[in-house]
Amino acid sequence: MTLETTWRLMRGDELLGEIVVEEADFPWQSGRFIPQQGFAEVKPWFDESTALVDAEDYEAFDRSYDRIEESLTLVAPDGPVDGFLLHVWDDRASFRC
């Protein structure tokens, strides 16, 4: 099944990256992440959140992830979503909302 929908990661009006969804396993979706220039500024946030999940330090992850959810917006093909969990590593992204 080909999904091929494109979601956008935004900070205000600035496009930080696009996620081309290739797989969906409810509630998670995943696909290719195409960063834009501004993503470099927030990439350390995602690196930190990934490291905390890998370390199974979920309390620290929750605190760390708050800045992502408070500062960024995930936009579905039909508009912004309320509440999301997004992981970005290399050229891949996985999210649920």
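Quick caveat: nothing in here was measured; it's all calculated off a predicted structure. Throughout, residue positions are numbered sequentially from 1 according to the sequence presented.
- Closest approach of Arg32 to Ile34, counting heavy atoms only: NH1-CD1, 3.7 Å.
- Using a 4.5 Å cut-off on side-chain heavy atoms (C-beta onward), Leu86 and Ile19 make contact.
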Between Arg11 and Thr73, does the side-chain contact (heavy atoms from CB on, under 4.5 Å) criterion hold? Intermediate values first, please.
CA-CA 6 Å; Arg11 179 172 51 190; Thr73 303; over 6 Å; no

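- Relative orientation of the Phe95 and Trp7 rings is tilted, given thresholds of 30° and 60° on the angle between their planes.
- Contact annotation: the side chain of Arg8 never approaches that of Gln36 to less than 4.5 Å [non-hydrogen atoms, C-beta and beyond].
- Annotation: side chain of Arg96 is not in contact with side chain of Gln29 (no heavy-atom distance under 4.5 Å).
- Under a hydrophobic-cluster definition in which Ile, Leu, Val, Met, Phe, Trp and Tyr are linked whenever side-chain heavy atoms come within less than 4.5 Å, directly or via other members, Val75 and Val42 are assigned to different clusters.
- With values rounded to the nearest 0.5 angstrom, Leu52 atom CG is found 10.5 Å from Tyr58 atom OH.
- Val81 and Ala76 get closest at one heavy-atom pair: CG1-CB, 4.0 Å.
- In the hydrophobic cluster analysis, where Ile, Leu, Val, Met, Phe, Trp and Tyr join through side-chain heavy atoms closer than 4.5 angstrom, Val21 is grouped apart from Leu15.
- Both Trp28 and Ile68 are part of a single hydrophobic cluster, where members link through side-chain heavy atoms under 4.5 Å apart.
- No continuous path of hydrophobic side-chain contacts links Met10 to Leu85 [ILVMFWY only; heavy atoms under 4.5 Å].
- Under a cut-off of 6.0 angstrom, the local environment of CG in Asp25 is sparse, with at most 12 non-hydrogen atoms contributed by other residues, nucleotides or ligands.
- Taken from CZ in Phe46 to CG in Leu9, the straight-line distance is 5.0 Å, to the nearest 0.5 Å.
- When all heavy atoms of Pro44 and Ala40 are compared, the closest pair comes out as CD-O, 3.5 Å.
- Considering all non-hydrogen atoms of both residues, Gly38 and Glu14 come closest at CA-OE2, 3.3 Å.
- In this structure, the side chain of Ser71 engages the main chain of Arg67 through a donor-acceptor pair within 3.5 Å.
- Atom CG of Asp82 has 12 or fewer heavy atoms from other residues, nucleotides or ligands within 6.0 Å.
- If you take CZ on Phe33 and OG on Ser94, they are separated by 12.5 Å, rounding to the nearest 0.5 Å.
- Between Ser49 atom OG and Asp57 atom CG the span is 12.0 Å, to the nearest 0.5 Å.
- When atom types are taken as modelled, the side chain of Glu69 and the backbone of Phe84 share a donor-acceptor pair closer than 3.5 angstrom.
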